[in-house]
**Q** 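Here you go, one structure.
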There are 2 protein chains.
Amino acid sequence: MSPVKPPPGRPAPAKTTPTIRTVAARAGVSVATVSRVVNGLAPAHSPATQRVRAAIKELGFTPSRLGRGLKTARTSTIGLVIPSLGNPVFAGSVEGVQAAAREAGYGVLLTATNYDPGEEASALETLLSHNVDGLILTVAKADGSALLEDLDGRGVPYVLVFNQPSESHRLAVTVDNVAAARQVVELLKGLGHRRIGMVAGSFTSSDRARLRWLGYDDAMVRAGLKPAPVIEVPFGATDLTEQVRAVLAAPEPPTALFCSTDLIAVAVIGAATRLGLEVPRDLSVVGFDGIAVTAAMRPQLTTIVQPTERMGREAFGLLARLMAAAPDRPDIATPVLLPYELRRGETVGPVPTGRPDLRSPQEAPPG
Amino acid sequence: MSPVKPPPGRPAPAKTTPTIRTVAARAGVSVATVSRVVNGLAPAHSPATQRVRAAIKELGFTPSRLGRGLKTARTSTIGLVIPSLGNPVFAGSVEGVQAAAREAGYGVLLTATNYDPGEEASALETLLSHNVDGLILTVAKADGSALLEDLDGRGVPYVLVFNQPSESHRLAVTVDNVAAARQVVELLKGLGHRRIGMVAGSFTSSDRARLRWLGYDDAMVRAGLKPAPVIEVPFGATDLTEQVRAVLAAPEPPTALFCSTDLIAVAVIGAATRLGLEVPRDLSVVGFDGIAVTAAMRPQLTTIVQPTERMGREAFGLLARLMAAAPDRPDIATPVLLPYELRRGETVGPVPTGRPDLRSPQEAPPG
DNA sequence: CTGAAAGCGCTTACAG
DNA sequence: CTGAAAGCGCTTACAG
């Protein structure tokens, strides 16, 4: 009566997956011998080994990770926690982690937390309940994080990416956010800008944003310039017209805006355009991250390019060492600060000599 | 001699993870009872249950998925295969899958194939070796795929995302790519465009690209217009200046370009800008996908917006039904075609009346 | 060089 | 309602 039947030629796929026992029977040896062959612990050319190899091939046997894992307390699986895939900068590190992990025979269990510190804890719980051997994390903040303390206490190996902890015992792969931000300010200053503002993602969701602000603030002060109050915007916001209008309508508006991420920079440029300004003629804009799409855009975004894929790869490398080391020797590896690159792009230019006045009538200066 | 010692206050974290046996001993019951309590099979208020619950809490016990998995042949883990995270359109579906999976207590093992059909097979092997309960895939092509045949043969439950197979027995969550592409052509035609070109990602890496071209071709013919030969570009290319120059330097160059993805559209707009053209004044451009960053850009990209996160969620929903069903009843679910939206944006306009001549001198028309 | 046996942490008929 | 026991697929001392 069933409307669709499989073609009669194809028999029911009741083929049960072969186990080590099936293989042993087929090869006429014990399961121990099969296990040794699979793990490379058997003599390479003995007749028994030959027969086992043949049986494995004929049966298409793959050892179950569950059985193995139960015995060895290892799953060859790591957990990866990131704020969001919506930002391609994280996509880059995920690809790096994933590629390195695959080469090493590890699986990657992925979770996104949507920049919500509350979700971080539950994501971690989920991953831990899947018996991951280690973790690679990008969290809201690395310093004084109860979450990380907890992980330390449990003795779970982990490595941070993007986070830049001040406590050096926490392993992290990142760039020098402070130095990079300083360099942005210096570039802008070199172009003649004195009033440089900063737009940043929410500090409570991103210690990187805060670090970049620190670098901005420091460089401004050193250069004898007055840092402007930071404009914090929520992550994921695509329309920043009102924020940009507000900052440009101030009495002494900035001539350049440093954004803590490329995504914010794109939104700022979009907002400026909508307000009738042209970038960089009327306003210089700099981002941070170096996501691919900003290289294709015209004008090409000026930004700090992070080696995201490499960051992911190196993070897995560190984690692998950690997982291989005895649990009481976590000092086997040290934090990694990777080089970044300031891509000059086309969104910065000299100080505008005059530009559309965005102040609303009632705010216009006397005269 | 070790330079850094843990503070003496904190004892060595030798705390061994509690097992079902530990809990049983603590509560003075058998492991069977603990198992029943954990799985909600014990009487809710019996004294034994109470004691077990207390012991679980005191010990911080979480059942090992390895032990459970060995018994039940389930890992509560699914595999997710996508071409690349570099394209945010996939990031969206990944987030959807991941969120739905987490809510259902499933872990998601992620792998990217870099649009390489060869990597698809090895990625699948890796995932299967991790004993995933099911798979969600975006592959190069769904029709006549040896990979999918193999999966069918093995009886592994899987659901496709983005792929739009013509064979209806393959479960997929996608949009109607052909219809959407037609709609783009109709929009352009309504604006007066007659010479509409198409730039597409490599057909061999993406059956979606081919389907969108099919829709384009069909709509052109129906409208009495002449379809131009498709310009295939490799995935991941950010500089399309030469390709765009070539197509616009042709004798009867297109006045509008339909791109099979947003990322390609962004690159095409960048190339046009570099060539001294203004979009949409000199050239109309339409994308496909609706990735977030194109909403922030000015001019805002005209594109087909796919509900990517929802696609991911629905895919997991289908897979969950499949995994719950008996292996011989795969007909429990049917393919899902989700609605898309044509976002008008700002990159399309009327046919240009005149624009910079991109033909090189030797190609200039006589006179 | 190879095998018999114990055991990793669970679940689940089977008794009682 | 609860427990004793078998067994899921492996690995690994321990003998031989």
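Protein chains get the first letters and strands the later ones, always in sequence-line order, with residue 1 at the start of each.
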**Q** Can a side-chain donor-acceptor contact be found between B:Thr75 and B:Arg65 if the only test is distance below 3.5 angstrom?
**A**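 Not at all, the side chains of B:Arg65 and B:Thr75 share no donor-acceptor pair under 3.5 Å.
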**Q** Which ones in residues 23-36 of chain B lie close to DNA chain D, meaning a heavy atom under 4.0 Å from one of its atoms?
**A**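 Output list: B:Val29, B:Ser30, B:Ala32, B:Thr33, B:Arg36.
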**Q** Reckon A:Thr49 touches a base, only the sugar-phosphate, or nothing at all at heavy-atom distances under 4.0 Å?
**A**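 Touches nothing.
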**Q** Mind checking if B:Thr22 touches a base, just sugar-phosphate, or nothing, with heavy atoms under 4.0 Å?
**A**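 If one applies the 4.0 Å heavy-atom cut-off, B:Thr22 turns out to touch nothing in the nucleic acid.
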**Q** Could you write out DNA chain D as a dot-bracket string, with dots for unpaired bases, | for bases paired across to another strand, and Watson-Crick or G-U pairs counted at under 3.5 Å?
**A** |||.||||||||.|||
**Q** Just how far is it from atom CG of A:Asp150 to atom CG of A:Leu124, taken to the nearest 0.5 Å?
**A**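 If we round to the nearest 0.5 Å, A:Asp150:CG and A:Leu124:CG are 7.5 Å apart.
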**Q** Decide, yes or no, whether a salt bridge links B:Glu314 with B:Arg321 under the criterion of side-chain N to carboxylate O below 4.0 Å.
**A**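 The answer is no: the pair does not qualify as a salt bridge.
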**Q** Could you give the distance from CG (B:Leu80) to CG (B:Leu127), rounded to the nearest 0.5 Å?
**A**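 Going from CG on B:Leu80 over to CG on B:Leu127, the span is 8.5 Å.
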**Q** Reckon A:Leu66 touches a base, only the sugar-phosphate, or nothing at all at heavy-atom distances under 4.0 Å?
**A**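 A:Leu66: no heavy atom of the nucleic acid under 4.0 Å.
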**Q** Can you sort out the partners of A:Arg21 under side-chain contact (heavy atoms from CB on, under 4.5 Å), two or more places apart, ordered by chain and number?
**A**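 Applying side-chain contact (heavy atoms from CB on, under 4.5 Å) to A:Arg21 gives A:Thr19, A:Val31.
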**Q** Please determine whether a side-chain nitrogen of the Lys or Arg among A:Arg170 and A:Asp152 lies less than 4.0 Å from a carboxylate oxygen of the Asp or Glu.
**A**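 Yes, A:Arg170 and A:Asp152 are salt-bridged.
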**Q** Classify the nucleic acid contact of B:Ala48 as base, sugar-phosphate or nothing, counting any heavy atom under 4.0 Å across all strands shown.
**A**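 The residue B:Ala48 makes sugar-phosphate contact but no base contact.
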**Q** Quiz question: by atom type and distance under 3.5 Å, do the side chains of B:Thr49 and B:Ser46 form a donor-acceptor pair?
**A**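 Yes, a side-chain donor-acceptor pair sits under 3.5 Å.
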**Q** Within this structure, what is the CG-CZ distance for the pair B:Leu85 and A:Phe90, rounded to the nearest 0.5 Å?
**A**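 Going from CG on B:Leu85 over to CZ on A:Phe90, the span is 12.0 Å.
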**Q** If you look only at pairs with a residue in residues 91-117 of chain B, which of them pass as a salt bridge (charged side-chain N to carboxylate O under 4.0 Å, His left out), with sequence neighbours excluded?
**A**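 Salt bridge (charged side-chain N to carboxylate O under 4.0 Å, His left out) check on residues 91-117 of chain B returns A:Glu119-B:Arg102, B:Glu103-B:Arg313.
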**Q** When you list every nucleotide of DNA chain D with an atom under 4.0 Å from a heavy atom of chain B, which one comes first 5' to 3', and which comes last?
**A**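 Endpoints of the contacted stretch of DNA chain D: D:dC1 to D:dG9.
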**Q** Please set out all donor-acceptor pairs under 3.5 angstrom arising from side-chain atoms of residues 56-63 of chain B, sequence neighbours excluded.
**A**
unit_1  : atom_1 : unit_2  : atom_2 : d
B:Glu58 : OE1    : B:Arg26 : NE     : 2.9
B:Glu58 : OE1    : B:Arg26 : NH2    : 2.4

